[in-house]
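Everything numeric here is computed off the predicted structure, so don't read it as measured data. The sequence lines fix the lettering, A, B, ..., with proteins before strands; numbering per chain opens at 1.
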2 protein chains.
Amino acid sequence: MSTVSERPPSLADVARVAGVSPSTASKALNDRTDVKRATKERVVRIARELGYSPNPVARALSQGPTGTVGVVTSDLEGRFALPMLMGVEDALGADRVLTFLCDARGDDMREARLVQTLLERRVDGIIIVGRQPDPRPSLGRLSVPVVYAYSESDDPLDTSITVDNTDVGRRAAEHLLSLGRTRIAHISGEPDHSASVRRLEGFQAALDAASVEMAGPPLFGNWSEGWGRAAMGRALSEAPDLDAVFCASDQIARGAIDALHDRGIGIPDQIAVIGVDNWQVLAENARVPLSTVDLQLKRLGRVAAARLMAAMAGRPAPGLEQLGSRVCARQSTIPLR
Amino acid sequence: MSTVSERPPSLADVARVAGVSPSTASKALNDRTDVKRATKERVVRIARELGYSPNPVARALSQGPTGTVGVVTSDLEGRFALPMLMGVEDALGADRVLTFLCDARGDDMREARLVQTLLERRVDGIIIVGRQPDPRPSLGRLSVPVVYAYSESDDPLDTSITVDNTDVGRRAAEHLLSLGRTRIAHISGEPDHSASVRRLEGFQAALDAASVEMAGPPLFGNWSEGWGRAAMGRALSEAPDLDAVFCASDQIARGAIDALHDRGIGIPDQIAVIGVDNWQVLAENARVPLSTVDLQLKRLGRVAAARLMAAMAGRPAPGLEQLGSRVCARQSTIPLR
DNA sequence: CTGAAAGCGCTTACAG
DNA sequence: CTGAAAGCGCTTACAG
């Protein structure tokens with residue numbers, strides 16, 4: 001237990017001890033030109049000795065940028081926001097720029113209020129993290145830059161960073177094809193989510209390119225394990241000679257694995273299974289560890305933060321940027337030797 | 001798309017339009033005494049008309065509190081921090097107090113740096129969210145109040161809010177006993193986690209109180225599904241006449257359910273299963289929806305924030321506060337009629 | 001009941 | 001190269 005510090009040393013304290021004016025001390029500490037080398041070194045040394053750290057509140061008041069950004073999410077319950085948050089933190093450098101995290105709870109009014117509050121707090125920028133990869137209404141022009149992550153803004157002049165879901169479908173297909181599988185079914189999620197639609201498109205395109213036909217029609221339902229269990233049964237009756245299944249989420253894939261297991265069907269020797277998300281706790285702990293397309297959400301967070309910083313520095317990059325994904329292969333597609 | 005606003009109106013602007021001095025305007029807006037009623041109303045009206053909102057940065061500089069708190073977590077990957085964060089946000093009121101969220105990534109050095117950064121930012125208080133319910137080193141006395149949530153501080157003079165894990169074990173046992181089960185096994189997690197130890201204690205105590213003997217020795221391993229699957233088999237050979245099993249986490253319980261399912265054992269008619277965490281995506285989607293002891297982490301977050309606000313208001317409550325849990329019954333213990 | 005003045009801690013033209 | 005002065009936007013004794 002250290003003792004309670006009095007008042008933390010101010011610039012004025014440093015200046016007094018160093019025997020210079022506050023203005024000079026400020027310049028010395030901020031690497032401004034026109035400070036004698038010796039003076040600068042002395043000030044810096046004394047600042048360190050005194051344990052001086054500039055008061056960001058005061059600095060913000062006089063200087064402009066506050067060194068804070070706001071992150072508004074709607075998915076704190078879910079698992080998508082977290083990896084993105086970590087990426088944002090990485091890119092921002094938690095020591096330099098701090099993030100205000102606010103959860104809109106899926107309420108548009110609440111979101112508007114939060115954005116307003118962040119603006120009042122004079123954040124330097126805002127990242128809006130969506131919860132579905134579907135377009136969402138733009139916030140319009142604000143007094144600070146805004147970047148939309150995961151869900152794109154419906155205004156093409158805004159900066160949006162999302163997952164390229166056709167790429168997801170394509171990679172899943174190519175992975176299975178590369179293993180020699182040709183009787184591939186597809187179990188998807190909600191039919192009206194763009195994630196479902198785009199993943200199917202990419203999947204279909206890759207099959208087409210390989211002149212392989214999909215085994216049975218794509219099955220749409222929801223994103224749950226229960227649906228995965230049910231749909232797997234249906235897929236098997238549509239195409240009894242299946243040798244692989246592409247599930248549009250890890251939860252669905254977990255259900256599919258259980259359904260196959262119950263029928264005594266070997267994974268991956270008889271049927272290979274691949275999911276989407278790389279949600280570790282689900283994928284690694286499946287009875288057969290699950291191969292999956294990793295959305296690389298942490299990277300998405302990093303890119304979003306990088307674009308935000310660029311915009312704050314006066315270099316906005318309007319438009320939609322879609323990030324690629326990556327297959328993470330485990331035993332559900334690649335048997336242990 | 002609204003247009004970019006010029007400079008937001010300042011107090012001085014409001015004062016000028018209202019024909020009063022900035023001091024008077026400030027008092028009027030802040031409900032200070034000694035302002036003529038009419039004056040006050042005029043200032044308030046004009047402030048509203050101008051869309052004035054006080055600059056929190058300036059206010060913080062002159063007044064003291066910044067209206068911000070820091071939350072340092074180590075579990076952004078995991079699922080425990082999130083519900084707590086939501087509780088914190090609820091209690092703080094996201095419109096009044098904003099939270100800086102920082103993830104220490106399980107690195108003590110990084111944690112120390114983050115706390116330092118938060119202090120420099122002049123947060124009004126700090127909440128340290130742990131990732132295991134084991135004691136963690138105290139940060140010592142800081143210049144602002146600190147509350148430890150989930151993991152308690154090793155200094156009893158700090159304010160810590162945690163889950164009462166003996167209560168967890170007790171409730172699980174009482175729930176199963178109330179259903180008439182008497183041959184109850186226990187599959188736990190890591191043997192050296194206090195969560196494991198305390199949950200066993202509570203469980204044992206409740207069995208003792210009912211003069212029921214535990215079915216076989218408690219099984220320790222880790223918190224994973226894989227362990228749950230393996231341990232369930234072992235529990236069955238230790239006590240073939242089992243009629244219930246208390247798993248120390250939902251993940252373990254999921255594994256146990258799978259193992260029982262594979263053996264054709266009916267849940268809950270033959271064996272009832274209860275887990276801990278109420279991690280919805282796991283519990284609700286199990287092939288038999290999982291009964292579980294809910295840790296009420298959101299509430300824990302709310303309580304932690306409430307204690308922090310009390311401390312910031314000069315009413316600290318040192319010591320450890322352990323919060324009770326609650327059984328959330330689903331079909332794995334209560335059969336559908 | 002109102003306002004002039006000082007101050008929170010820093011930065012930045014501007015003079016010297 | 002250095003420092004006095006003004007200012008960022010607000011609050012709070014203190015005088016009137």
inquiry  = Given dA13(D), dG3(D), dC1(C), identify the nucleotide with an atom nearest to the side chain of Lys36(B).
reply    = dC1(C)
key: Salt bridge flag under 4.0 Å for residues Arg105(B) and Glu89(A)   = yes
ask   = Thr24(A) and Ser21(A): side-chain donor and acceptor closer than 3.5 Å?
value = yes
Length of the line joining Lys40(B):NZ and dC1(C):P, which is rounded to integer Å = 12 Å
key: First of Ser10(A) and Gly19(B) reached from the 5' end of DNA chain C, by closest nucleotide   = Gly19(B)
ask   = Is there a side-chain polar atom (N or O) of Ser62(A) under 4.0 Å from OP1 or OP2 of dG9(C)?
value = no
query = Does a side chain donor of either Ser138(A) or Asp154(A) reach within less than 3.5 Å of an acceptor in the other side chain?
reply = no
query = Does Ser26(A) make a side-chain N or O approach to OP1 or OP2 of dT11(C) shorter than 4.0 Å?
reply = yes
query = Would you say Asn30(B) reaches dT11(D)'s phosphate, i.e. side-chain N/O to OP1/OP2 under 4.0 Å?
reply = yes
request  = Take the protein atom CD of Glu120(B) and the nucleotide atom P of dG9(C), then report the distance between them rounded to whole Å.
outcome  = 15 Å
inquiry  = I need the CG-P distance between Asn55(A) and dG9(D), as an integer number of Å.
reply    = 17 Å
query = Which base, if any, makes a Watson-Crick or G-U wobble pair with dC14(D), both distances under 3.5 Å?
reply = dG3(C)
request  = Report yes if at least one side-chain N or O of Thr24(B) is closer than 4.0 Å to OP1 or OP2 of dT2(C); otherwise report no.
outcome  = no
note = Heavy-atom nearest pair, Glu120(B) first then Ser53(A), reads CG-OG, 3.2 Å
ask   = Between Lys27(A) (NZ) and dA4(D) (P), how many Å, whole number?
value = 11 Å
key: Residue pair Asp124(A) / Thr66(A), side-chain donor-acceptor N/O under 3.5 Å   = yes
key: Atom pair distance, as rounded to whole Å: CZ in Arg16(A) and P in dT2(D)   = 19 Å
task = To the nearest Å, give me how far apart CG (Leu29(A)) and P (dT2(D)) are.
result = 14 Å
query = Using a cut-off of 4.0 Å on non-hydrogen atoms, how would the nucleic acid contact of Val57(A) be classed: base, sugar-phosphate, or nothing?
reply = nothing
request  = Give the rounded distance in Å between these two atoms: CZ of Arg59(A) and P of dG9(D).
outcome  = 18 Å
ask   = Taking atom P of dA6(C) as reference, at what distance in whole Å does atom CG of Leu61(B) sit?
value = 18 Å
task = Please determine, for the side chain of Val35(B), which listed nucleotide (dT2(C), dC10(D), dC10(C)) has the closest atom?
result = dT2(C)
